[in-house]
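Notes follow once the structure below has been shown.
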Amino acid sequence: MREHSRPRGRREAGGGGGAGGADASPRRERRGDPAAGGEHKPAMEEGAADLRQRKKQNCTESDKMAPEERNKENSKLGRSPKYMLIQRFAKLFFGCLAAVTSGMMYAVYLSTYHERKFWFSSRQELEREITFQGDSAIYYSFYKELLKAPSFERGVYELTHNNKTISLKTINAVQQMTLYPELIASVLYQASGSEEVIEPVYFYIGIVFGLQGIYVTALFVTSWVMSGTWLAGMLTVAWFIINRTDTTRIDYSIPSRENWALPYFACQVAALTGYLKKNLNCSAEKFCYLLVNASTYTFMMMWEYSHYLLFVQAVSLFLLDSFALAQTEKVHEVYRIYLFSLIGGYLLQFENSALLVSPLLSLVVALMLSRSLQMNMKKSTFVSRLLKIMYIYLVLTVAVTLNFLLKMFIPHKENGHLLKFIEVKLGLNTTKNFTMNWLLCQESLQAPSQDFFLRLTQSSLLPFYILVLIICLFSVTQVIFRRICGEPLKETVKLEDGRIGERPEIVYHVIHTILLGCLAMCLEGMKYLWTPYVCMLAAFGVCSPELWMTLFKWLRLKAVHPILLALILSMAVPTIIGFSLWKEFFPRIMTELTELQEFYDPDTVELMTWIKRQAPVAAVFAGSPQLMGVIKLCTGWMVSSLPLYNDDDLLKRNENIYQIYSKRSAEDIYKILTSYKANFLVIEDSICNEVGPVRGCRVKDLLDIANGHVVCEEGDNYAYSKYGRFCHEIKMNYSPYVNYFTRVYWNRSYFVYKINTVISFQS
């Protein structure tokens, strides 16, 4: 062992091996010491040469050394290289087969469940479209418009210059609503010649279900890569499906942007996990790098809020690199991918200024500018520790300053309401604004309920996640302490070492899940980002012999051989979990697939049928944004508002039109509606007579607060207004309401009024 230590040190000093050159730093320090007779080079020149050559030498060294190490190990075990090659190929083949099969079965499961829930095959087109609610209806309506266009180019032009959706407003629907998924789906539908084979709605939801299968496959692969066994992937998929209520929103919001985007993010995380691994051969490293590049850019194009999630990932990589736990060159390659994706997204998203003022861009630029200081941090000296603190402080300072300057000089309006929402959510500000209070009342923006943690505990996911997280976190803390004390990382971590915290991909996932978990504890909607990776990390941990070995190292087991016990537990524990999950939850899943549910809304069907038959083609409808989305999809008629919350003008429109449920005069409501050129008003009885579980979060309560019609004194609320609630008063058919509005249709749920163009004041 001593004979080979010196040559390996020379290779590492030239830019090879361990985490960002951290292993070689003490050796480089001795070689550069003038007292030792070596030639002294400036730190900047040495660091630059190291960074230029590291990636190339890593590939060549790993390619040369890996076969030699494998041959030595095989000769010790008495195995031929041919036998080991067949064994590795079989393991890879069956693992990939299990991953692909899991994804396909999940996609089939979603399709079957969707059919049982909505009876799609036995419904008419109108009844199918009604199942798309809110913003989902808007996305699918533009997909329909693309298919109806005489050509794809003409369809894209009409979407980018759209003046047939919202009255008095021309919008670039592709940019404002991120319609790239619909563009891709329409191209695939027409180019594949599927018009005569499958209906458009089945093709559309089939793509989304297929992406969900890819999502599950990516989680499978990530857990497999981390643990080394595809048993962890199977357990990940099982936990994901069992906790489907908390892992995905696919059940009730198929066209939502995250259902299109998160599968690509899962692929990016899987590729990044492989890319961060030590001793990766050159071919695998290049493949992972290309996959990270492609999936990052695609993810950014599919979801307008993708750069926020990538910002959380960038912070995780920044912390990983700050403590020299990963190869610096690899981490900075990921930063370059972020930069490329932001620039490409800015150009293809019609110069989207939100990407230029995003915190991701500011952080990446700050990291690039501070890189020269980081080159001197690899030396284990007191000065390097001070530089490390200065580096972290410098990056944060530059990032915040740069983001402030960009927002000052670059005009932007996108997502400005998010900052106001965060201020109110954190208690830094109070407001009576209807939109802010309405957002605060949404369930997805509340803190998670106890039922959420209870469901995760019942499936045994949460207890095992906490166990795995604690072990990994303590191991990572030990590694960071060793790095601060100047101890280098091992080039290859073996099972008997019990140091799972020295694996950079494990450290990344620990930091990433902690950050996502903090967000999920504040906003329940963030659980759909956090819970899938909880499934993955927990499954990896219980199936990883290294994690059990790390625990046994701390316990100092002597009665039983720790390596043997770790191998046994890594197989026995997931097997027991799998059998218990199968016994308890498999019957429930089969019941979901066999039980016929009924989703039928005859009142909405009657309303849409009346509009298509009786309303003029040029009519403009006004009502709640959620209903307007369904009207736009099912009838194609123009509406006055949409359920979109990324545009200040649309938010103001929504608040104004919601006044039909407030205590305002008939004249005020008439002026509001005619200012948007509305011809018909639709009042929903479910909103007008809403009995919400939380008093003060009903639409009419929020409107009363915003309009000053509620006074709070000593904990009691007193309502006052000289007008009655408009949605109640208009149903009485007396003056002055009948002077402005004429009822033309009604059923149990909806009341439709024609807005009079000629006002009669006869009583």
Side-chain angles (χ1 to χ4, degrees), residues 132 134-140 142-143 159 172-185 204-205 207-212 214-215 218-219 247-250 252-272 291-314 337-338 340-361 412 414-418 421 444-445 512 515-516 519-520 523 525-533 642-647:
F132 297 106
D135 57 347
S136 298
I138 297 300
Y139 296 128
Y140 185 74
F142 287 120
Y143 169 71
L159 289 184
N172 184 342
V174 177
Q175 176 191 12
Q176 192 158 349
M177 303 177 194
T178 319
L179 296 181
Y180 294 97
E182 283 67 32
L183 296 179
I184 296 172
Y204 185 86
I205 64 176
I207 293 179
V208 180
F209 291 157
L211 286 174
Q212 297 307 301
I214 295 175
Y215 191 2
L219 292 174
T247 55
T248 177
R249 295 202 305 168
I250 191 68
Y252 53 90
S253 184
I254 293 177
S256 63
R257 300 300 85 178
E258 57 263 39
N259 288 336
W260 285 88
L262 291 181
Y264 295 102
F265 182 69
C267 293
Q268 190 251 27
V269 171
L272 182 61
L291 186 55
V292 170
N293 211 326
S295 54
T296 301
Y297 181 72
T298 307
F299 173 60
M300 188 167 290
M301 296 297 295
M302 292 291 170
W303 193 20
E304 60 180 318
Y305 299 116
S306 58
H307 56 89
Y308 291 112
L309 187 53
L310 290 176
F311 170 73
V312 175
Q313 187 183 70
I337 292 174
Y338 291 151
F340 166 77
S341 300
L342 286 168
I343 296 173
Y346 170 76
L347 295 176
L348 288 185
Q349 292 182 5
F350 304 92
E351 299 181 357
N352 185 5
S353 59
L355 297 180
L356 296 183
V357 298
S358 67
L360 176 62
L361 179 63
H412 67 286
E414 291 81 3
N415 304 329
H417 61 285
L418 289 179
F421 168 78
S444 61
L445 299 178
H512 196 201
L515 295 179
L516 290 179
L519 295 175
L523 304 173
M526 296 298 294
K527 70 182 181 181
Y528 300 111
L529 303 177
W530 178 58
T531 313
Y533 295 98
L642 287 177
L644 300 173
Y645 310 103
N646 58 355
D647 182 85

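If you read the sequence from its start, that first residue is 1, and numbering goes on from there.
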>> Is the ring pair Y204/F132 parallel, tilted or perpendicular, if the boundaries are 30 and 60 degrees?
In response: perpendicular
> Would you call the rings of F265 and F299 parallel, tilted or perpendicular if under 30° counts as parallel and over 60° as perpendicular?
Replying inline: tilted
At what distance, to the nearest 0.5 angstrom, does [atom1] of [X] lie from [atom2] of [Y]?
X	Y	atom1	atom2	answer
L179	I138	CG	CD1	10.0 Å
Y528	N259	OH	CG	10.0 Å
N352	T178	CG	OG1	8.0 Å
Y139	S253	OH	OG	8.5 Å
M301	S341	CE	OG	10.0 Å
W530	L519	CH2	CG	11.0 Å

[X] side chain near [Y] side chain, heavy-atom distance below 4.5 Å:
X	Y	value
L211	Y264	yes
W260	I184	no
Y308	P359	yes
Q313	T296	no
L262	R249	no
L361	L355	no
Q268	L310	yes
L342	L360	yes

>> Assess the residue pair H512 and V312 against the criterion (side-chain contact (heavy atoms from CB on, under 4.5 Å)); give the C-alpha distance rounded to whole Å, side-chain angles, the decisive distance to 0.1 Å, and a yes or no.
In response: CA-CA 7 Å; H512 196 201; V312 175; 4.1 Å; yes
Who are the side-chain contact (heavy atoms from CB on, under 4.5 Å) partners of [X], not counting sequence neighbours?
X	result
P532	Y215, L219, F240, T247
L291	A271, F287
F350	T160, N172, V174, Q175, Y180

> For C267 and A218, which heavy atoms make the closest approach, and how far apart are they?
Replying inline: N-CB, 3.7 Å
>> I need the minimum non-hydrogen distance between Q349 and M300, along with the two atoms involved.
In response: NE2-O, 3.2 Å
> With a 3.5 Å cut-off and no angle check, do the side chains of E258 and Y305 form a donor-acceptor pair?
Replying inline: no
>> Can you confirm if the aromatic rings of Y143 and Y140 lie within a centre distance of less than 6.0 Å?
In response: yes
> Is the backbone of M177 close enough, under 3.5 Å, to the side chain of N646 for a donor and an acceptor to pair up by distance?
Replying inline: no
